[in-house]
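Accompanying notes for the structure given below.
Index from 1, following the sequence.
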Amino acid sequence: MAEEFNLEGMLDTYLFENEQLLEQLQEIVLDQKDAECFDEDSINEIFRTMHTIKGSSGIMMFDNVTAISHKLEDVFYYLRESHPENVVHADLVEHVLQVADFITAEMEKIQEGSPADGDPAAIIAELDSFLENIKNGAVEEGKELPEENVSEEPKHFYIAPVANSASRFYKIYINFFPETEMANVHAYKTVYSLKEIAEDLLYEPEDLITDTSSIDAIMEDGFRILLQAQCSEEELREIIKVGYDIERVDIYECKAEEFLQGFDFGEHPVVGIDLESSAEEIEAKVLKAEEEEAQKKEPEKPKMAPGDFVIQSKTPGKHKKLAKDKQRGAKDSFISVNVRKMDQLMDLIGELVISESVVLQNQDLKVPGLDLTNFNKAAAQMAKISTDLQNVIMSMRMVPLTNVFQKMNRIVFDVSRKLGKDVEFVMIGEHTEVDKNIIENISDPLMHLVRNAVDHGIETNEERVDSGKPDRGKITLSARTEAGKVWISVEDNGKGLDREKILAKAKQQELLDPSKPDSAYEDKDVFQFITLPGFSTNEQVTEYSGRGVGMDVVIQNIQSIGGTLDIESSLGMGTTMTLKIPLTLAIIDGIVMETGNSSFVVETGVIKEFVSVTEDMMIHEPTGEEYIMIRGECFPVLRLGDWYGLEEYHKNVEEGMMLIFEVEGKTICLLVDRLIGKQEIVVKPIPSYIKKVKGISGCTQLGDGSIALILDPVGLIE
């Protein structure tokens, strides 16, 4: 049972590590896809990535992943050693991405519990042919080929063991706390944390995964590591820290000759140390003892037990401090958490917020004569803790859009290559953070928009030349936050949308009002027709578009999270499609208000100010439109009661309250009956069986148990 658990834990680590490595690999490749060749740092990084994936896959016995990663490693080993000039960079980029796609597909199978049974033979054959062509070109030029990149059984993480003048050698001895469970897993994690800096890395016991007896060996004798790396002892101690599992870490820097002797951690003189002495005196004693020991020729040498003393360097120029028996302390670390558990925690915090409102707005508290001083103090403390909880869980759930944007970069690369179009891809604001659930819901819509931009939007190279445009098309993917929403735009400099062509198709499908002339339709209304199911103006069905599907999927996914899609286009100039979606789906600060017998909530971030108005400030147009003059400026007025056809609301502006919204550079004044107050709102989506209402983005439960609708200012302004 213990063995099975260990294997599952190692599988999670394997998948997580490889996912990170593949994302970094794809980012490197796509960043340099348009260069003449990969730079030296990128070649080394890709080589190390493939070597790491090969080693970990070998340990986990995924032979197909091991084989294909080793073959790509061979290619970059040759590039690193020989620096050939006859490499077709575009082909090499495609080969790397092809390997990354294969490994990603196998990891997805493993994650779903299916066997990783993909056959890499065809890809390996292509890589063999690619490598052979490069080598043949080198031979023809009279260049000498480097030694073969020999693959060894993955008993250890054996990484680039060639030493240079900057290489340093260490013998590391780790003791775990007696109560530590699954010490082999903790030891393996330590090895994984060192692999990024290691030039050569060996450890004992060597079989940490399948041999459960290694647990007893580690607990009894400790875990020993031989490390060759270009780092200092202080940097090592930052990686291997004493903490909740590790009781003591002893690091001894040695010479290359001692390193090659293997796991012999003795042969260092015991030095008597007076703890009252200064660090300089202690170091002098150690050096003297080592010199005396070197002069002796006795076969047996006294051995120093690991951890007899440790010297820690401080800031340059300051005295060094002797650290003796370092106290067990907490260490900063990261752990992977199941998203479902975070969702459950978010739901519980939401319920806590609602319960808090129920308590603080309880009718029993409104009895005259009650002394609520102590209650109010306790309530304020509870509200502070509740807010802190929300902030913590929200920060945990917020993730940058970087990975999603990089996937779009890959899509542009693949589609443009297959369609024979030269397209530049630009990312702006990719570090914008949004809720993880938002990320999951926008990935597919963005993919459709980007594909459409390459296929529909960007013309062929010949068409661009004929129209006097630059040969190269351009797609810009940008993100920004404003008023509690994230705006993600896909902009192309292609041919744009043809209004007349869309109207003709809409007439054919009987989507237009016969009594309404074409000129009555605004451009943004016409462009929205392309989001309807089955609507397509593409005359030919291709691999990427023309079937009338895609844009309706975009709309459905965006609406499911309370978002909208805006389309702007200029014929011959290009198109911009903008997703406007909530920054989070969880908890917001809102202002509760009432109109008639209905309650509404609006996010505080969009409210510029509250104004009590008089009738003489109002301007009434014959068409029924109303405006208000505030400090010499004229703003449009929207009566919430009229907008939703409510009953029993105040028609006299002097009896109500005016809220001034400012969104997207536009301002509107909303007239409501009364303000209730500020409250933390748990956002709930409108049930699917209720038709979407313009200006409403969700609902929430108030402290008295009633339901309030959450207003969307963008919908009200439009």
Side-chain angles (χ1 to χ4, degrees), residues 2 6 9-10 13 17 52 55-56 59 154-159 168-254 258-268 270 303-313 322-335:
N6 290 346
M10 298 322 303
T13 302
E17 291 282 343
T52 303
S56 58
I59 288 175
K155 294 180 180 178
H156 312 289
F157 284 92
Y158 197 69
I159 304 176
R168 299 172 70 173
F169 304 90
Y170 298 95
K171 293 183 178 183
I172 304 170
Y173 189 89
I174 300 175
N175 284 110
F176 294 94
F177 285 103
E179 64 270 20
T180 301
E181 297 181 1
M182 298 177 293
N184 60 333
V185 174
H186 293 291
Y188 188 83
K189 289 180 179 178
T190 301
V191 170
Y192 241 89
S193 66
L194 290 172
K195 70 180 180 6
E196 293 297 333
I197 64 167
E199 294 177 334
D200 194 3
L201 178 61
L202 303 173
Y203 49 89
E204 190 178 81
E206 64 179 19
D207 192 355
L208 296 174
I209 308 303
T210 57
D211 185 6
T212 54
S213 64
S214 64
I215 299 177
D216 297 329
I218 292 171
M219 297 305 296
E220 183 176 347
D221 303 324
F223 184 55
R224 299 186 291 180
I225 300 174
L226 293 173
L227 175 68
Q228 172 189 321
Q230 297 182 26
C231 67
S232 66
E233 182 177 330
E234 287 74 16
E235 290 171 328
L236 276 181
R237 291 191 181 278
E238 282 298 313
I239 297 174
I240 312 173
K241 293 183 179 180
V242 172
Y244 74 95
D245 53 350
I246 298 177
E247 182 177 20
R248 190 168 68 187
V249 179
D250 295 295
I251 301 175
Y252 167 66
E253 186 171 359
C254 60
E258 296 174 293
F259 181 84
L260 294 174
Q261 292 175 5
F263 293 101
D264 184 355
F265 279 61
E267 302 189 3
H268 305 300
V270 175
K303 296 184 178 181
M304 179 185 71
D308 280 349
F309 67 89
V310 181
I311 299 293
Q312 292 184 329
S313 296
L322 178 65
K324 185 74 174 179
D325 296 331
K326 183 177 179 180
Q327 295 294 321
R328 178 181 180 179
K331 66 176 183 179
D332 295 329
S333 60
F334 294 91
I335 61 172

*Grab the two heavy atoms, one from Ala198 and one from Ala229, that are nearest each other, plus how far apart they are.*
CA-CB, 4.4 Å
*State, with a plain yes or no, whether a side-chain heavy atom of Ile246 is found less than 4.5 Å away from one of Ile240.*
yes
*What distance do Lys171 atom NZ and Ile251 atom CD1 have between them, rounded to the nearest 0.5 Å?*
14.5 Å
*Report yes if some heavy atom in the side chain of Glu247 is under 4.5 Å from a heavy atom in the side chain of Pro178; otherwise report no.*
yes
*How many angstroms lie between atom CD of Gln228 and atom CG of Leu201, to the nearest 0.5 angstrom?*
10.5 Å
*Spatial distance of atom OH (Tyr188) from atom CZ (Phe223) [nearest 0.5 Å]*: 10.5 Å
_Would Ile197 and Leu236 count as a side-chain contact (heavy atoms from CB on, under 4.5 Å) here? Give the steps._
CA-CA 9 Å; Ile197 64 167; Leu236 276 181; 3.9 Å; yes
*Output yes when a side-chain donor or acceptor of Glu235 lies under 3.5 Å from a complementary backbone atom of Ser232, and no otherwise.*
yes
*Is there a side-chain contact (heavy atoms from CB on, under 4.5 Å) between Glu253 and Arg168 once you walk through the steps?*
CA-CA 7 Å; Glu253 186 171 359; Arg168 299 172 70 173; 2.8 Å; yes
*Apply the test side-chain contact (heavy atoms from CB on, under 4.5 Å) to residues Ile225 and Leu194: give CA-CA distance (whole Å), side-chain angles for both, the deciding distance (0.1 Å), then the verdict.*
CA-CA 10 Å; Ile225 300 174; Leu194 290 172; 4.0 Å; yes
*Evaluate the side-chain contact (heavy atoms from CB on, under 4.5 Å) criterion for residues Phe176 and Ile174: first the C-alpha distance (whole Å), next the side-chain angles of each, then the deciding distance (0.1 Å), finally the verdict.*
CA-CA 7 Å; Phe176 294 94; Ile174 300 175; 4.0 Å; yes
*Between Tyr170 (side chain) and Cys231 (backbone), is there a donor-acceptor pair under 3.5 Å?*
yes
